[in-house]
K.L.:
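Here's a structure for you.
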Amino acid sequence: MPLSTARATGPERITPEWWLDDDSWRHGLRDYWRVDTAEGRRLWLFFTPQNPGWFVQGEFA
C-alpha cells in the first residue's frame with residue numbers, strides 16, 4: 001500500500017564503531033528518519049547510501 005509523507009524529521013546519521021576491527025561492519029552507514037504519513041502511520045525509516053535503498057526499522061504506536 002503506497003503512503004504519502006506528511007512530515008519527515010531527519011536525517012540522524014549512525015556510523016559504525018570505527019574502532020572495531022571488523023571490515024564487514026565498518027561500511028554500514030545509515031541515515032535515520034522519523035516520518036509521519038498522511039494516512040496516520042508514524043514510521044522510523046533508514047536509508048543506506050552504500051547500498052542505496054530505504055528500509056522500515058519500525059512503526060511508532
K.L.:
Spell out, yes or no, whether Val56 and Tyr32 are grouped together once hydrophobic residues are joined by side-chain heavy atoms under 4.5 Å, including indirect joins.
P.N.:
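Unlinked, Val56 and Tyr32 end up in two clusters.
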K.L.:
For Thr48 versus Phe55, what's the shortest heavy-atom pair and its separation?
P.N.:
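Taking Thr48 first and Phe55 second, the nearest heavy atoms are OG1-CE1, 3.6 Å.
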K.L.:
Just verifying a value: how many Å separate Thr5 OG1 and Arg41 CZ, rounded to the nearest 0.5 Å?
P.N.:
12.5 Å
K.L.:
Is Trp33 reachable from Ile14 through a run of hydrophobic residues whose side-chain heavy atoms are each under 4.5 Å from the next?
P.N.:
no
K.L.:
Leu43 versus Leu3: any side-chain heavy-atom pair under 4.5 Å?
P.N.:
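Side-chain contact under 4.5 Å: yes.
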K.L.:
Quick one: pull up CH2 in Trp44 and CD in Gln57 and give me the separation to the nearest 0.5 Å.
P.N.:
5.0 Å
K.L.:
Using every non-hydrogen atom in the two residues, find where Ala6 and Ala38 come nearest and quote the distance to one decimal.
P.N.:
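Looking at all heavy atoms of both residues, the closest pair is CB-N, 3.8 Å.
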K.L.:
Got a second to check how far Arg30's CZ is from Gln50's CD, nearest 0.5 Å?
P.N.:
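Rounded to the nearest 0.5 Å, the CZ-CD separation comes out at 8.5 Å.
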K.L.:
Are the side chains of Phe46 and Pro11 in touch, meaning some heavy atoms are under 4.5 Å apart?
P.N.:
no
K.L.:
For Arg13, check side-chain contact (heavy atoms from CB on, under 4.5 Å) against everything at least two apart and list the hits.
P.N.:
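Arg13 satisfies side-chain contact (heavy atoms from CB on, under 4.5 Å) with Thr15, Leu29, Asp31, Pro49 only.
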